[in-house]
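Presented below is the structure to which this report refers.
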Amino acid sequence: MSETTTTTFGIDLGTTYSCISYLKDGHPTVCVNVEGERTTPSVVRMLTSDPEPVVGKTAKDTSIIYPDDTIQFVKSKIGKVETFEIGDESNRRTVSPVQVSAEILKKLAADASQYTGMTVKDVCITVPAYFGNNEKAATKQAGIDAGLNVISIVEEPTAAAFYYLCERDDTDATVCVYDLGGGTFDVTALEKNGTEIRVLTTQGDHDLGGKNWDAELISYVESKFREETNLDPEEELDVDFIQDLQLKCEEAKKQLTFSQTASIAMKLDNKHKANITVTREEFEDITSALLQTSIDLTSKVFDEVEASGKKIDKLLLVGGSSIMPQVNAAVQEAFGSRVDEILVNDPNESVSKGACIFCAWSLLHSTPAESAESGEPTLPGEVIGTSTNEETGETIITLAGTDGGTREVVVPTTLGGSIKDIITIATKSFGIQTFVGDVEKITNLIIKDQQLPATFEQEFGTHTDNMKDVSIVLYQSEVKDTTCDMECGTLICESVLSGLPDNLPKNSPVLIHIELSKEGIIDITGSYQGTPLEGCLNTSYAEGVGTKN
């Protein structure tokens, strides 16, 4: 049975706000949620008394009342921690970042379905460019848990650039995307050359975004409130006051984007109340160090591109926080003489719109699954065929549906113009723990900025006699050298490979094979003299491998 014909969707799963777009008449269009807004707060309330989690504006508005049961900024946890606790001391519960993110995705999909009248199924979900293997894999899993067919994970700057190059200006150019969102910062250089878009290099900070500007303003206003009301600097403020302060400071930050001053009325009790006025100059002064960090990271990208003999033609500002006047001024001062144009590129919506186009483009450039050609059973979501509507020129892509049925996705054949290939890169170096002599080192197998998909094989020797298992401890880092010290890397996971023959001497050869997909998701396998080793994910430490002599 064929499921309803539908289209593609793109989801910007943001730290503070999320957005979903769909392809309408060949162009990306934002889906308005049931509250009538174009973006949805990435906030989830999980009260035991709620029949199901509450997501979005309602959860954000009631966070003052239910702070222990309301989850914000979950994006900063995904792929980094498996679980965390919520609830007060009398009712502690454990939830996972994947679970919470899935609830946000469900809300976006449900609202978009109501808005478009179509099933939301085939999506691309965006992630920051700095995200490593675990974060990308966890984000994809959240989409799957939300009941979505995740066509691809795409990096936010790539999506924003794709939107610009497909919808605004398709001329050949080297473009730098400055993406300052609610909780993350990315800067990525891309080059369009004929039919190809190539990612050149990227930098980022996983903990730099609008929430940091909020935090500085909150601290500043609290200090002024204590000063004006003669409140004891050591007196602890209650939760309701702090939550109210947080919400009002966020609104004041937005107001300072368009006005020179903002007023924040706060009341602790009848004795301690004040109307705090903050000027734009004060706000920019207390957040100048944050802004400078983004400029420094952008400079690294410019320097690297220019060192390769290229020139960045356009600098695109995206992300909701990029609309702050101080950002435009700083970017103009630092890079105005190094680029031809600095453009504000639909800051709140370009990422989801670009993801929507990327999703359709990916389907257009996909090949039917081998199982479909051989007549074997296909997995739900696999492409099993394409055809063309002769009247409209649209491409109809048939995917395997549920319960043995099919689903049709309609995509304009002209989507993406002349773009035939998108070349992405590794945003981190990926290596394994090895022994160089008797010293533990990270040996990088995939190098940062290497073209994806990437594969690498290297033979290592067992570290001791009679080893039956070897532990492949995977790290990611910013280091481009072949080897680096252990402290340079961040542990991702450990895969224990078993099945080595008995009585092997030290330095017996183990072939390690690593694959990094275009999405940036890693697969590692091992073999001994052509025989595959069995592997499993394990967080405990086991014997490692040594470098091959």
Side-chain angles (χ1 to χ4, degrees), residues 6-43 55-58 60 75 101 103-128 139 143 146 148 150-169 177 179-184 210 254 257 316-323 343-363 409-412 415-416:
T6 184
T7 186
T8 59
F9 292 79
I11 297 177
D12 174 9
L13 184 60
T15 305
T16 53
Y17 287 87
S18 294
C19 184
I20 181 169
S21 296
Y22 76 115
L23 205 61
K24 179 183 180 183
D25 300 326
H27 298 282
T29 304
V30 168
C31 301
V32 177
N33 62 24
V34 294
E35 292 83 15
E37 302 291 337
R38 297 172 72 84
T39 59
T40 298
S42 303
V43 183
V55 183
K57 185 177 185 300
T58 300
K60 185 177 177 67
K75 187 173 177 176
S101 298
E103 294 299 334
I104 298 171
L105 292 169
K106 288 177 187 177
K107 157 75 170 172
L108 293 169
D111 286 4
S113 180
Q114 182 169 324
Y115 180 74
T116 63
M118 291 184 286
T119 301
V120 178
K121 193 68 178 178
D122 304 298
V123 306
C124 278
I125 304 174
T126 65
V127 295
T139 301
L148 303 173
V150 183
I151 300 298
S152 179
I153 296 295
V154 60
E155 291 160 5
E156 291 161 1
T158 302
F162 202 58
Y163 167 66
Y164 177 80
L165 293 169
C166 291
E167 288 285 303
R168 298 293 182 87
D169 186 349
V177 179
D179 183 2
L180 184 60
T184 61
K254 295 177 183 178
T257 296
L316 307 181
L317 303 185
V318 303
S321 298
S322 69
I323 66 174
L343 306 167
V344 178
N345 183 39
D346 203 353
N348 288 309
E349 301 176 1
S350 62
V351 171
S352 73
K353 288 179 177 178
C356 168
I357 302 172
F358 190 87
C359 186
W361 183 92
S362 297
L363 286 173
V409 181
V410 177
V411 178
L415 188 77

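This chain uses plain numbering: 1 for the first residue, then up along the sequence. All values below were derived from every heavy atom in this structure, side-chain atoms included, with hydrogens, water molecules and symmetry-related copies excluded.
The closest side-chain heavy-atom distance from F358 to T126 is not below 4.5 Å. Contact of the D179 side chain with the E155 side chain is not registered, since no non-hydrogen atoms from C-beta on lie closer than 4.5 Å. Proximity of F9 to C31: side-chain heavy atoms (C-beta onward) are separated by under 4.5 Å at one or more points. At least one side-chain heavy atom of I20 sits less than 4.5 Å from a side-chain heavy atom of V120. Between L363 and I151, the closest side-chain pair of non-hydrogen atoms falls below 4.5 Å. Between N33 and K57, every side-chain heavy-atom pair lies at or beyond the 4.5 Å cut-off. Side-chain contact check for I125 versus V150: some heavy-atom pair is nearer than 4.5 Å. A 4.5 Å side-chain heavy-atom check between L108 and I104 finds at least one atom pair inside the cut-off.
Pairing each heavy atom of P412 with each of G26, the nearest pair is CG-CA, 3.5 Å. Taking every heavy atom of both residues into account, S322 and P347 meet most closely at OG-CB, 3.7 Å. Of all non-hydrogen atoms in T6 and T119, the two that sit nearest each other are OG1-O, 2.9 Å. Heavy atoms only, all atoms of each residue included: C124 and V154 are closest at CB-CG1, 4.4 Å.
Residues satisfying the salt bridge (charged side-chain N to carboxylate O under 4.0 Å, His left out) criterion with K254, sequence neighbours excluded, are E250, E251. In terms of the salt bridge (charged side-chain N to carboxylate O under 4.0 Å, His left out) criterion, residue partners of K75 (sequence neighbours excluded) are, by chain and number, E156.
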| message | For a side chain to side chain contact (heavy atoms under 4.5 Å, CB included) check, start with the C-alpha distance between V318 and V177, then their side-chain angles and the critical distance, and finish with the verdict. | response | CA-CA 7 Å; V318 303; V177 179; 3.6 Å; yes
| Can you check side chain to side chain contact (heavy atoms under 4.5 Å, CB included) on E167 and K353, steps first, answer last? | CA-CA 10 Å; E167 288 285 303; K353 288 179 177 178; over 6 Å; no
| Does the side chain to side chain contact (heavy atoms under 4.5 Å, CB included) test come out yes or no for C19 and V30, once each step is laid out? | CA-CA 7 Å; C19 184; V30 168; 3.9 Å; yes
| query | Can you check side chain to side chain contact (heavy atoms under 4.5 Å, CB included) on V32 and E37, steps first, answer last? | reply | CA-CA 5 Å; V32 177; E37 302 291 337; 5.8 Å; no
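Distance CD1/I11 to OG1/T139: 11.5 Å, rounded to 0.5 Å. To the nearest 0.5 Å, the span separating CE on M118 from CG on L23 amounts to 9.0 Å. Separating the OG atom in S352 from the OH atom in Y17 is a distance of 15.5 Å, to the nearest 0.5 Å. Taken from OG1 in T8 to NZ in K121, the straight-line distance is 15.0 Å, to the nearest 0.5 Å. Atom CG in L13 sits 11.0 Å away from atom OG1 in T40 (nearest 0.5 Å). Rounding to the nearest 0.5 Å places CH2 of W361 at 15.0 Å from SG of C356.
Open room surrounds CD on Q114; 12 or fewer heavy atoms of other groups in view lie less than 6.0 Å from it.
The pair R38-E349 meets the salt-bridge criterion, with a side-chain N (NZ, NE, NH1 or NH2) lying under 4.0 Å from an Asp/Glu carboxylate O.
A donor-acceptor contact under 3.5 angstrom links the side chains of Y163 and D346, judged on distance only. When only modelled atom types and interatomic distance are considered, S18 and S42 share a side-chain donor-acceptor pair under 3.5 Å.
Note: Y22 and Y115 have perpendicular aromatic rings, judged against thresholds of 30 and 60 degrees for the angle between ring planes.
Although no hydrogens or angles enter the test, the distance criterion places a donor-acceptor pair under 3.5 Å between the side chain of S321 and the main chain of G181.
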